[in-house]
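Both backbone and side-chain heavy atoms feed into the values below; hydrogens, waters and symmetry mates do not. Start at 1 with the first residue, then count along the sequence.
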Amino acid sequence: MDIIVCLKQTFDTETVIWLNEKGEINDKDVKLIINPYDEFALEEALRVKEKLGGEVTVVSLGGVRTQEALRAALALGADKAMLINCENLTELDEMMAAKILARAINALPFDMIFTGRMAIDSGGAQMAMRLAEEFDLPAVSGITKIELEGRTAVVQHETDEGLETVEVLLPAVFSAQKGLNEPRYPVMAGILKAKKKPLDIIAAEELAAGLPLQSGMKVRGYVAPESRLPGRVLNGSAAEMTAELVRLLREEAKVV
């Protein structure tokens, strides 16, 4: 069973994000990690490989530092990695990113494609569906359980009405939701092996040749959220504090 895992490198969830003098997000000296939802995707791919055999290839579209995330995935058990270096391409939206990723994946054998449900930085939750559209494949988003029966995948996923179980024929695309599994931690043997595993780097411009590189969405700017006001301690009896709280909500917060 050959599996492709598309992962993204994102800011650590505990990183303090600030803007530079141009109003751009500062990405210098910040800790970067594998997108948390993509960790569930990678873990499920590794479990399928361990059960059925085959190879897991991780693919990422990003800058040079994205090699850190790919090496981490190799240390966890992936067999190969591919970085599509897009540092010279700016303002790629998810449509263009999917088209470039699809061209890279098209050269690889695969039975399944896994992604995370969404990236925690953009929150777009589009990549799995866009890749499925590029390959004209069935897709299931936000999966919380998957069982393989030959070339059929029985999948449980979240909907607005609750959990739904569907069957799809492989090859297919799946996006992983929290609860699908518990991602593993790297071990020293895996970290040492990762250094010898293949990590190919391809310029995104090569894959984008012939594509209309005109993003449908452009970020016009970023604005930092307003600082929270300090808390206020109310004193007095219960009745006095209640009356003061109501006054504050009505006159200052204007929510009553």
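When all heavy atoms are compared, the tightest approach of M127 to A97 is CE-CB, 3.9 Å. Here the closest non-hydrogen pair linking L76 and P186 is CD2-N, 3.5 Å. In this structure, I191 and A75 approach most closely via the heavy-atom pair CA-CB, 3.8 Å. Here the shortest heavy-atom pairing between A78 and L42 reads CB-CD1, 4.4 Å.
For the pair T10 and P36, the minimum side-chain heavy-atom distance is below 4.5 Å. Side-chain contact between E44 and I146 is present, with heavy atoms from C-beta onward closer than 4.5 Å.
Listed by chain and number, the residues in a side chain to side chain donor-acceptor pair (under 3.5 Å) with E252 are R232 (sequence neighbours excluded). Judged as a side chain to side chain donor-acceptor pair (under 3.5 Å), and not counting sequence neighbours, the contacts of E205 are N88. Partners of R130 under the side chain to side chain donor-acceptor pair (under 3.5 Å) rule, at least two apart in sequence or in another chain, are Q126. Contacts of E134 classified as side chain to side chain contact (heavy atoms under 4.5 Å, CB included), with partners at least two apart in sequence or in another chain: K99, A102. In this structure, the side chain to side chain contact (heavy atoms under 4.5 Å, CB included) partners of D12, at least two apart in sequence or on a different chain, are E14, T15, K31, I33. With sequence neighbours left out, the salt bridge (charged side-chain N to carboxylate O under 4.0 Å, His left out) criterion links E206 to no other residue. Residues passing the salt bridge (charged side-chain N to carboxylate O under 4.0 Å, His left out) test with K196, sequence neighbours excluded: none. Legend: residues meeting salt bridge (charged side-chain N to carboxylate O under 4.0 Å, His left out) with K145, ordered by chain and number and at least two apart, are E147. Residues forming a side chain to side chain contact (heavy atoms under 4.5 Å, CB included) with Q9 (at least two apart in sequence, or on another chain): L32, R65, T66, E68, A69. Annotation: salt bridge (charged side-chain N to carboxylate O under 4.0 Å, His left out) contacts of E182 (sequence neighbours excluded): none.
The distance from atom CE of M82 to atom CG of L70, rounded to the nearest 0.5 Å, is 10.5 Å. Separating the OG1 atom in T115 from the CD1 atom in I4 is a distance of 12.5 Å, to the nearest 0.5 Å. Note that the CG atom of D2 and the CG atom of D111 stand 5.5 Å from one another [nearest 0.5 Å]. In this structure, SG on C86 lies 13.0 Å from CD1 on I202, to the nearest 0.5 angstrom. With rounding to the nearest 0.5 angstrom, the CG atom of L61 is 9.5 Å from the SG atom of C6. We find the CG-CZ distance between L83 and R71 to be 10.5 Å, quoted to the nearest 0.5 Å.
With respect to D79 and K49, a salt bridge is recorded, a charged nitrogen being found less than 4.0 Å from a carboxylate O. A salt bridge does not link R250 with E244: none of the charged nitrogens is closer than 4.0 Å to a carboxylate oxygen.
At a threshold of 4.5 Å between side-chain heavy atoms, the hydrophobic network of Ile, Leu, Val, Met, Phe, Trp and Tyr places V48 and V140 in one connected group. Two different hydrophobic clusters hold F40 and I3 under the rule that ILVMFWY side chains link at heavy-atom gaps under 4.5 Å. A single hydrophobic cluster is not seen to contain both M129 and I113; linkage of ILVMFWY side chains at heavy-atom distances under 4.5 Å, directly or through other members, places them apart. Both V56 and L52 belong to a single network of hydrophobic side chains, linked directly or stepwise wherever heavy atoms of I, L, V, M, F, W or Y lie under 4.5 Å apart. Both M1 and V58 are members of a single hydrophobic cluster when ILVMFWY side chains are connected at heavy-atom separations under 4.5 Å.
Checked by atom type and distance alone, the side chain of E240 pairs as donor or acceptor with a backbone atom of S237 at under 3.5 Å. Side-chain N or O atoms of K197 include one that pairs as donor or acceptor with a backbone N or O of L74 at under 3.5 Å. Judged by distance alone, the side chain of S60 and the main-chain N or O of G62 form no donor-acceptor pair under 3.5 Å.
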Using a 3.5 Å cut-off and no angle test, enumerate the donor-acceptor pairs between side-chain atoms of residues 166-180 and protein atoms at least two apart in sequence or in another chain.
{"unit_1": "S175", "atom_1": "OG", "unit_2": "G142", "atom_2": "N", "d": "2.8"}
{"unit_1": "Q177", "atom_1": "OE1", "unit_2": "R117", "atom_2": "NE", "d": "3.2"}
{"unit_1": "Q177", "atom_1": "NE2", "unit_2": "E158", "atom_2": "OE1", "d": "3.1"}

Next item on the list: Could you walk me through whether V59 and I84 pass side-chain contact (heavy atoms from CB on, under 4.5 Å), step by step?
Entry: CA-CA 8 Å; V59 182; I84 305 168; 3.9 Å; yes

Next item on the list: Could you walk me through whether V64 and E87 pass side-chain contact (heavy atoms from CB on, under 4.5 Å), step by step?
Entry: CA-CA 8 Å; V64 173; E87 287 188 342; 3.7 Å; yes

Check: Do L137 and M112 pass the side-chain contact (heavy atoms from CB on, under 4.5 Å) test, and can you show the C-alpha distance, the side-chain angles, and the key distance before you say yes or no?
Finding: CA-CA 10 Å; L137 293 176; M112 308 169 73; over 6 Å; no

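Defined by atom type and a distance below 3.5 Å, a donor-acceptor pair is missing between the side-chain atoms of N181 and E43.
K80 NZ: 12 or fewer foreign heavy atoms inside a 6.0 Å radius. Counting non-hydrogen atoms of neighbouring residues, nucleotides and ligands closer than 6.0 angstrom, the CD atom of Q67 exceeds 12 such neighbours.
Checking D38, D121, N35 one by one against K8, the side-chain hydrogen bond (donor to acceptor under 3.5 Å, both in side chains) holds for a single residue, D121.
For residues 119-154, the set of pairs meeting the ring pair (Phe, Tyr, Trp, His ring centres under 6.0 Å) definition, not counting sequence neighbours, comprises F110-F135.
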